[in-house]
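Remember, it's 1-based here, ligands and their atoms both numbered in the order they're listed.
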Amino acid sequence: MPRRRAFLSAAVVGVTGFSGCTGLLGTGDSSEPDGNVVELTGTNEFNPDEMTVQTGTTVTWEWTSPNHNIVVDSQPDDADWDGHEQIESSGHTYEHTFTVAGQYDYYCKPHQSTGMTGTIHVEEGEEEQEE
Ligand SMILES: [Cu+2]
């Protein structure tokens, strides 16, 4: 993905001046997971906390630290996303395919008070195309 590479390069250039400050880039080899993946991180955040996908897209949540869950706060009237209210530990993954366009707000119950919230924007896609 050339666009992503360009972004990462820019990010590296951007933090070069701050010696020792690598927080933005995290501990892995990328700052944000590839594809439609949201990480539940050790800093008690959804990464990324906002994502836009098209209908029919499957989003995967990956627990990279323990004690998180996914509670649906609001969603379109005709959607029936249940989230994943069971609290899980590192290594767990959960996925959901969004078929109804609209905005989905969710949060992590244990860390709601510290702002662990996320939003998925689902746009009406064109006809589904499998490549
Ligand atoms: Cu959490």
Of the backbone and side-chain N, O or S atoms of M116, does one lie nearer to the Cu ion (ligand 1) than 2.8 Å?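 Given the 2.8 Å cut-off, M116 counts as a ligand of the Cu ion (ligand 1).
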
State the atom name: nearest N, O or S atom of H111 to the Cu ion (ligand 1).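 So the atom name we want here is ND1.
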
So which of the N, O or S atoms of H68 lies nearest the Cu ion (ligand 1)?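 For H68, the N, O or S atom at the smallest distance from the Cu ion (ligand 1) is ND1.
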
Distance-only, no hydrogens or angles: does the [X] side chain make a donor-acceptor pair with backbone N or O of [Y] under 3.5 Å?
{"X": "T117", "Y": "Y106", "value": "no"}
{"X": "T97", "Y": "T57", "value": "no"}
{"X": "Q75", "Y": "W81", "value": "yes"}

Before giving the answer on ring pair (Phe, Tyr, Trp, His ring centres under 6.0 Å), spell out for H92 and Y94 the whole-Å C-alpha distance, their side-chain angles and the decisive distance to 0.1 Å. CA-CA 7 Å; H92 188 80; Y94 158 78; 7.6 Å; no

